[in-house]
Each structure stands twice: as structure tokens, then as C-alpha cells.
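Below: one structure, written as C-alpha cells.
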Amino acid sequence: MTFRPDVVRGSGDEAPGSVDYRLARRHLINEFKRGRLSRLDICDAHPELIRAAVNVGAVQEEVCPICEESPLMNVSYVFGGRLPSFGRCITKASEIAHFRRQTGPYTCYVVEVCSNCRWNHLAKLFQLGRSSGK
């Protein structure tokens, strides 16, 4: 067996440069349910993240695994050249398409947020933008 990147890349469902944090998420939730972490340890979302979740977040079908009351919201932020150091909160799906067409590396971070108990977790990150051809 060889270890070329195309062999070990996986199922091909994700674009190159994508990172999925499901295993870390599962571990954190299990530690909470076992009583090793308190709600105060993990429910610490910044007020701006809660505001973004409430106003522009994408509602998920999944209920919050911590409070088990409210649906989770996904909030996306893009970071890269010519953007503010705090990134840009994505409010529409068309904005992701816009950054995909742009030249230069951009990174999109998707955060799961519960506006009820303030739980948040980085769900995934992926690369956007076209290569400059250099």
C-alpha cells in the first residue's frame, strides 16, 4: 500500500483542506454527560456569537446536546486577505459562493451555537478561493 495523498484523503466527500471536528465534539459531549465537565466549562459563547446565531445563523435539525431544548444554529465566519482581522460573518449562502470565486486563500469556520444555554463548538473549517496560478 502506498501513502500518496489521494489514497489517504478519505471518501472524497469533503474538499481538500477541510477539517471536521465531530470526534472532538463527541468527546466533549461525553465528558459533560459523565460529569467530568460542568455546564460552566462548556457553555461560554461570546455575546457576539450568540447575537450572530440568533440573527443570521442557519437553523439545524439537531437539538442542542447540552440543554436538549433548543435547535442548534450554524454561524460561519470567513478569514483571509483584505478582510478585517476579526473575519467576516456570513449572512447568506451566496457570500460563500462569492469567496469561492475570489483569488486568494480564504478559510471558512463553521461554529455550532445554542442560543439557549450558550454552548458552542467549532464544527468544521474549509478552504475557499481560487489559486492565483503562480
Those residues at least two apart in sequence (or on a different chain) that pass salt bridge (Lys or Arg N to Asp or Glu O under 4.0 Å) with R34 are E31
Less than 4.5 Å apart, any side-chain heavy atom of L49 and any of V111? yes
### Query
Does atom CZ of R26 have more than 12 heavy-atom neighbours, drawn from other residues, nucleotides or ligands, at distances under 6.0 Å?
no
Heavy-atom nearest pair, I42 first then W119, reads O-CD1, 3.4 Å
In short, C89 meets V56 closest at the heavy-atom pair SG-CG2, 3.8 Å
Taken to the nearest 0.5 Å, the spacing of H121 NE2 from I29 CD1 works out to 7.5 Å
(request) Check whether any side-chain heavy atom of C108 sits under 4.5 Å from a side-chain heavy atom of R100, and report yes or no. (result) no
| task | Give the intermediate values and the outcome of side chain to side chain contact (heavy atoms under 4.5 Å, CB included) for residues R39 and I66. | result | CA-CA 8 Å; R39 227 180 205 193; I66 305 304; 3.8 Å; yes
Heavy-atom nearest pair, A53 first then V75, reads CA-CG2, 3.5 Å
Test side-chain contact (heavy atoms from CB on, under 4.5 Å), reference C114, set P65, C43, C67, output is C67
Membership question, hydrophobic clusters at under 4.5 Å side-chain separation (ILVMFWY): are M73 and V63 in the same one? no
Item to complete: Please tell me if the side chains of C117 and S70 come closer than 4.5 Å, counting only heavy atoms from C-beta onward.
Response: no
In terms of heavy-atom contacts, S76 and V110 come closest through OG-CG2, 3.6 Å
The complete set of salt bridge (Lys or Arg N to Asp or Glu O under 4.0 Å) pairs with one or both residues in residues 68-86, sequence neighbours excluded, reads K33-E68
Residues at least two apart in sequence or cross-chain that pass side chain to side chain contact (heavy atoms under 4.5 Å, CB included) with L83, listed by chain then number, are V78, R88, F99, Y106
message = If hydrophobic clusters are built from ILVMFWY residues whose side chains come within less than 4.5 Å, do L122 and I50 share one?
response = yes
ask   = Can L72 be reached from Y21 by stepping across I, L, V, M, F, W or Y side chains whose heavy atoms are under 4.5 Å apart?
value = no
Exercise. Counting only heavy atoms not in H98, do more than 12 fall under 6.0 Å of its NE2?
Worked result: yes
In terms of heavy-atom contacts, V54 and S115 come closest through CG2-CB, 3.8 Å
When clusters are formed by joining ILVMFWY residues with side-chain heavy atoms under 4.5 Å apart, either directly or through shared neighbours, do V113 and L125 land in the same one?
-> yes
Residue pairs passing the side chain to side chain donor-acceptor pair (under 3.5 Å) test with at least one member in residues 53-64, sequence neighbours excluded, are R25-E62
* Evaluate the side-chain proximity of Q127 to T107: yes if any heavy-atom separation is below 4.5 Å, no if none is. => yes
For this session: Please tell me if the side chains of N30 and F32 come closer than 4.5 Å, counting only heavy atoms from C-beta onward.
Result: no
Rounded to the nearest 0.5 angstrom, the CD1-CZ distance for I96 and R101 is 11.5 Å
Under the criterion side chain to side chain contact (heavy atoms under 4.5 Å, CB included), I'd like the reasoning laid out for K124 against V19: C-alpha separation, chi angles, the key distance, then a yes or no. CA-CA 5 Å; K124 64 183 171 179; V19 179; over 6 Å; no
Value for OG (S38) from CG (L40), rounded to nearest 0.5 Å, stands at 4.5 Å
Quick note, salt bridge (Lys or Arg N to Asp or Glu O under 4.0 Å) partners involving residues 41-54, not counting sequence neighbours, are E48-R51
By ring-ring contact (aromatic ring centres under 6.0 Å, His included), F79 pairs with (sequence neighbours left out) Y109
